[in-house]
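Step one of this worksheet: look at the structure below.
Throughout, a chain's letter reflects where its sequence line sits, starting with A, and its residues are numbered from 1.
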Amino acid sequence: MPLDTTSTYSTTLLRLDGRRWNELRKISASISTQPTADGSSLVTTGNTSVVCTITGPREGRGQGDRTNAIVDTDINIAPFAQLDRRRVGRTDKRVQELQTTISQAFQAHLFTHLYPRSSILISLTVLSLDGGLLSTCLNAASIALIDAGVPMPSILASITTGTIIPTDNSLSRPEPVLDLNNAEEVELPFMNLATVRGQTGSEDQISVLLMETRVQMSEANNPLEIMLRIGLDGCAQVRSHLEEVIRRHGRRMTQGRR
Amino acid sequence: MPASASTSQLSPAELSYLHSSLSSHPPIRPDARLPTDFRPFSAETNVLPNTMGSAHVGFADGREAVVGVRAEVERTAQVAAGSDAREDDTEMGDTGDSKTERAQGKSSWISLTLTLPGLRDDDPGLFFLEEMLREVLVVPSSTTSTTTAAAAGSLQDGLVINSRWHWRLHIDVVLISPPEGSAAGSYPLPLLSMAIHLALRDTRIPRLKSEGEEDPLADDDWEASVHLYAKPGKSRCFAAGVPPITLLVMVVGGNVVFDPNGTELAVADGVFAVSIARAGSENDLVSILAVRMLETSARDTFKGVPRNEGGNEWDVVPGVWRPKLGGVKRAVLTKVMKAVLGDVGKEIVGSLEAFVVQGG
């Protein structure tokens, strides 16, 4: 059995886990998973699962901003989440960077001006991690914030995209892949992409773009452009999926009330 | 460490009312439970894909604990080379002759980590709680007064593979809860203990293809794996009996109250963490493994001021709250032990057994 995508993809056009280039892993999401939290969600993408609880909007103690709510994020990666057991501390640089990224994304996206002098805390617990950490966290936080009733213009949906650049022939086209798992993230250059829906009639807008790996640029086929293009489509797919989750929950709520 | 995570938000008058209702006969609890009633919880096992055993336990107050258990092979530290090697050889010969003498495991082979929201990683209370939950798992076999202990031994003895290798067990607990203040911050000990118990009973260790002193080689077939703790109907296991359970018991005015919630803990005269395990193979025998006294949070409360302020400051006015100083009479401690060893302990062990048998 081959252990890397690069050597076999050109012949089989199948990835290691048997998916095509544009196939997403199975996403299962639910909201209101924790009855006592203001908002909560559980999002599972393949083997990655993240629990999110929202605290707020509530009075922010010592919060300086008098016109907006402040969004804070707390990520906690369980020691048993990865394949090799590793304890990720709260002071880990990578985790802190992800926390800032998520906070900033929602600070700009939510209607925070409706809650002056308040704070919104997003607590994320990663129970199982197999690639797509930031994307799953963003998706989980997005629908948990809807559960908490924080107004926002549209669901912020996120996905990872990568490219397979053939090593033997530099002139051949780089192949894009969507929704990478851990094995592919180690091997391929990839980016995290999150979009929000634009105004009616206009395109989706990118709100988060994070790329931590190097990619070889060529003038004929720009891999960055290809990754962005299929990433936008992937985000739209994820968004429609999450919207369906919210609608289903709403239907169940209204049925229960009758 | 106080037994309640957050300091009490109750006024002295409320504390006094709560204390007197809890110390009446029979005690009246704020949530109308009997003194031996536990809070309802939901549990599921085998929930995480990357672990060898996992459990998810949720209490009705919204707090959930997720436990994942992992085992990995580790090289046993040799005491010294040279002259000691010969002694090792002779010891090996001894064990070969009589299988009754089993190799001794080290308690440090079992590690337990807790992740609680809102606590720093180096919080002293966290370490205290971790060690309290861990120490009862590693009770050496000689102190357990059971007859079956000789058959499979205690947990750490079961982790020995051969003289050079052993299994290392990592138990990781993550508590998901709304931050304190929203719900009455109760001590999470019963929740964590229950979750660890169920996860350990779900844990399976891969079967080894290697034998004797060979380097360990695991069998790929997960179906052939061996349960860490004995399952009914399965003969092979690593440790005898069942994992221990730690109960939170509170004493108020001579009454023994089980599984107190955060509000009740605020007026406790004394708080105990009692670890119990099933003694022997019979379900109806329970033994106490460890008892710890926890600091009561009633110590940090403010005292009430009597209406007529003329009296001495140290006079005890009935109905006026005074912070508890801790300390429990021997007779009360005996009462706690009797209650744990009586019907309550049996019922808990029995109901958890029923859950595991049904789930498995």
Side-chain angles (χ1 to χ4, degrees), chain A residues 1 25-26 32-42 44-56 58-59 61 72-92 95 119-131 140 144 148 181-182, chain B residues 40 42 46-56 58-74 111-123 126 130 168-186 195-196 199 202-203 262:
Chain A
M1 196 184 131
R25 291 178 288 174
K26 186 180 185 306
S32 286
T33 49
Q34 277 211 321
T36 50
D38 292 323
S40 55
S41 68
L42 165 68
T44 308
T45 314
N47 274 334
T48 305
S49 60
V50 174
V51 177
C52 179
T53 54
I54 306 288
T55 314
R58 59 174 56 182
E59 182 193 343
R61 293 259 166 79
D72 263 318
T73 311
D74 187 22
I75 298 182
N76 180 7
I77 301 178
F80 47 74
Q82 277 139 308
L83 213 55
D84 51 332
R85 184 189 171 280
R86 189 152 51 92
R87 199 170 186 190
V88 185
R90 234 160 271 218
T91 50
D92 189 84
V95 168
S119 73
I120 300 169
L121 176 68
I122 304 171
S123 325
L124 294 152
T125 309
V126 182
L127 294 179
S128 165
L129 181 54
D130 183 27
N181 62 20
N182 195 35
Chain B
S42 59
N46 202 358
V47 285
L48 297 170
N50 282 345
T51 56
M52 292 173 169
S54 57
H56 167 221
F59 267 23
D61 64 356
R63 290 178 314 159
E64 299 173 47
V66 181
V67 182
V69 182
R70 281 267 185 83
E72 58 190 28
V73 170
E74 197 179 59
S111 65
L112 195 147
T113 65
L114 287 181
T115 314
L116 305 188
L119 276 187
R120 287 165 58 103
D121 288 345
D122 55 354
D123 191 276
L126 195 66
E130 275 176 8
R168 192 187 174 86
L169 208 62
H170 297 283
I171 304 165
D172 298 302
V173 189
V174 175
L175 187 72
I176 306 167
S177 80
E180 68 239 66
S182 54
S186 159
I196 291 169
D202 181 52
T203 303

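- Partners of B/Phe59 under the ring pair (Phe, Tyr, Trp, His ring centres under 6.0 Å) rule, at least two apart in sequence or in another chain, are B/Phe41.
- With a 4.5 Å cut-off on side-chain heavy atoms, B/Asp172 and B/Thr113 count as touching.
- Between A/Asn47 and A/Asn181 the shortest side-chain heavy-atom distance does not fall below 4.5 Å.
- B/Leu114 touches chain A through its backbone: at least one of N, CA, C or O sits under 4.5 Å from a heavy atom, while the side chain does not.
- Residues that satisfy the side chain to side chain contact (heavy atoms under 4.5 Å, CB included) test with A/Ala144, not counting sequence neighbours, are A/Ser41, A/Cys52, A/Ile54.
- For B/Val67, the part lying under 4.5 angstrom from a heavy atom of chain A is the backbone only.
- For A/Thr44, no part lies under 4.5 angstrom from a heavy atom of chain B.
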